[in-house]
*Asks:* 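Take this structure first; my questions come after.
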Amino acid sequence: QKEVEQNSGPLSVPEGAIASLNCTYSDRGSQSFFWYRQYSGKSPELIMFIYSNGDKEDGRFTAQLNKASQYVSLLIRDSQPSDSATYLCAVETSGGYNKLIFGAGTRLAVHP
Amino acid sequence: DAGVIQSPRHEVTEMGQEVTLRCKPISGHDYLFWYRQTMMRGLELLIYFNNNVPIDDSGMPEDRFSAKMPNASFSTLKIQPSEPRDSAVYFCASSLSGTGPYGYTFGSGTRLTVV
């Protein structure tokens with residue numbers, strides 16, 4: 001079983017729609033969760049951090065965390081073609097090792 | 001701040017040759033990570049340092065790979081001898097205090113091709 005699982009996509013949504021990206025993780029002790037965006041040929045960049053159950057909003061982005069279900073998601077409202085990228089879910093390992101394990105990423109395509 | 005700086009951006013080498021990748025972390029960051037990204041395996045953690053000391057090298061694929069951090073502003077990842085299956089993008093990342101709310105900042109990566 002992979003430690004962090006994501007649907008590879010591509011997830012195709014029309015411009016202006018809500019894109020919903022999902023991630024599950026296996027380490028029940030994990031406390032910190034991150035979403036990174038990676039454009040083709042570029043490096044990952046941090047867009048969201050969440051550690052409490054519930055929702056966290058930042059502009060058009062909302063991260064949702066459910067530790068009981070070991071599930072974290074990212075919603076992108078009013079999707080734009082510039083949001084087309086691969087979105088990586090990253091989970092901090094438990095045990096104080098301070099390292100992030102990344103999912104394989106979901107490729108998002110927003111079409112006009 | 002110039003961010004995390006990696007060199008070279010691209011490296012093409014022949015099988016069996018030694019390859020050295022370089023990284024300069026963000027000043028003041030006390031954690032440095034080396035990741036490798038391929039289409040098949042995604043982003044894999046190879047090794048990380050805290051205050052220049054290697055903490056976890058369990059992701060280093062085999063003895064052909066080695067990493068050093070002689071001081072707070074410089075790290076190297078060396079592959080000797082290189083093999084075609086080592087072809088990947090190698091990212092260096094740094095962070096302040098591990099996995100805090102600011103996560104990791106990644107460098108631009110080194111695209112390695114071994115022929």
Side-chain angles (χ1 to χ4, degrees), chain A residues 1-10 21 23-25 27 29-52 56-58 61 63 65 72 74 85-107, chain B residues 2-7 9-10 21 23-26 29-51 53-60 67 88-111 113:
Chain A
Q1 180 186 4
K2 291 183 180 178
E3 295 181 74
V4 181
E5 296 212 41
Q6 295 181 254
N7 188 321
S8 62
L21 306 162
C23 171
T24 57
Y25 60 94
D27 185 345
S30 295
Q31 296 294 322
S32 297
F33 307 86
F34 302 81
W35 283 99
Y36 281 78
R37 177 177 62 198
Q38 185 175 25
Y39 292 112
S40 180
K42 302 296 185 182
S43 58
E45 57 177 327
L46 180 66
I47 54 173
M48 288 292 284
F49 163 72
I50 187 168
Y51 66 94
S52 297
K56 179 182 177 182
E57 187 175 316
D58 184 0
F61 298 100
L65 175 61
V72 59
L74 179 70
T86 296
Y87 290 80
L88 302 167
C89 173
V91 176
E92 180 190 17
T93 57
S94 61
Y97 293 104
N98 289 311
K99 62 182 186 182
L100 291 183
I101 304 301
F102 284 79
T106 298
R107 189 157 58 92
Chain B
V4 178
I5 300 173
Q6 291 187 246
S7 65
R9 289 297 306 275
H10 302 275
L21 311 181
C23 175
K24 176 180 169 56
I26 291 173
H29 280 192
D30 52 357
Y31 284 81
L32 183 140
F33 306 84
W34 283 100
Y35 280 86
R36 175 172 70 175
Q37 188 173 40
T38 61
M39 289 292 292
M40 291 298 295
R41 300 176 68 89
L43 202 57
E44 303 174 277
L45 177 64
L46 301 177
I47 185 172
Y48 81 94
F49 296 83
N50 177 215
N51 291 322
V53 176
I55 302 301
D56 184 350
D57 65 355
S58 60
M60 296 287 261
V89 180
Y90 290 80
F91 287 105
C92 175
S94 70
S95 75
L96 187 62
S97 300
T99 52
Y102 303 105
Y104 301 172
T105 301
F106 283 81
S108 299
T110 295
R111 181 173 295 277
T113 303

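Proteins get letters first, then strands, A, B, ... in listed order; numbering begins at 1 in each.
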*Asks:* Hey, does A/Tyr51 have a side-chain heavy atom less than 4.5 Å from the side chain of B/Pro101?
*Replies:* no
*Asks:* B/Phe91 and A/Lys42: which non-hydrogen atoms are nearest, and at how many Å?
*Replies:* CZ-O, 3.9 Å
*Asks:* Is it the side chain or the backbone of B/Leu45 that comes within 4.5 Å of chain A heavy atoms, both, or neither?
*Replies:* side chain
*Asks:* Any chance CZ of B/Arg36 has more than 12 other-residue heavy atoms, nucleotides or ligands included, within less than 6.0 Å?
*Replies:* yes
*Asks:* Under a 4.5 Å cut-off applied to non-hydrogen side-chain atoms, are B/Tyr35 and A/Phe102 in contact?
*Replies:* yes
*Asks:* Nearest 0.5 Å, what's the OG1-CG distance between A/Thr86 and B/Leu43?
*Replies:* 11.5 Å
*Asks:* At a heavy-atom separation under 4.5 Å, does A/Tyr36 approach chain B through its side chain, its backbone, both, or neither?
*Replies:* side chain
*Asks:* Report which part of B/Tyr102 has an atom under 4.5 Å of a heavy atom belonging to chain A: side chain, backbone, both, or neither.
*Replies:* backbone
*Asks:* Just by distance, do the side chain of B/Tyr104 and the backbone of A/Pro44 share a donor-acceptor pair under 3.5 Å?
*Replies:* no
*Asks:* Given a strict heavy-atom distance threshold of 4.5 Å, which part of A/Glu45 is in contact with chain B: side chain, backbone, both, or neither?
*Replies:* neither
*Asks:* Under 4.5 Å heavy-atom distance to chain B, tell me which part of A/Leu88 shows up: side chain, backbone, both or neither.
*Replies:* side chain
*Asks:* Is chain A contacted by the side chain of B/Glu44, its backbone, both, or neither, given a heavy-atom distance below 4.5 Å?
*Replies:* neither
*Asks:* Please check this pair: side chain of A/Ser43 against backbone of B/Gly109, looking for a donor-acceptor N/O pair closer than 3.5 Å.
*Replies:* no
*Asks:* Is chain A contacted by the side chain of B/Phe106, its backbone, both, or neither, given a heavy-atom distance below 4.5 Å?
*Replies:* both
*Asks:* Heavy-atom distances under 4.5 Å only: say whether A/Leu46 touches chain B with side chain, backbone, both or neither.
*Replies:* side chain
*Asks:* So do the side chains of A/Lys99 and B/Ser58 get within less than 4.5 Å of each other, counting heavy atoms only?
*Replies:* yes
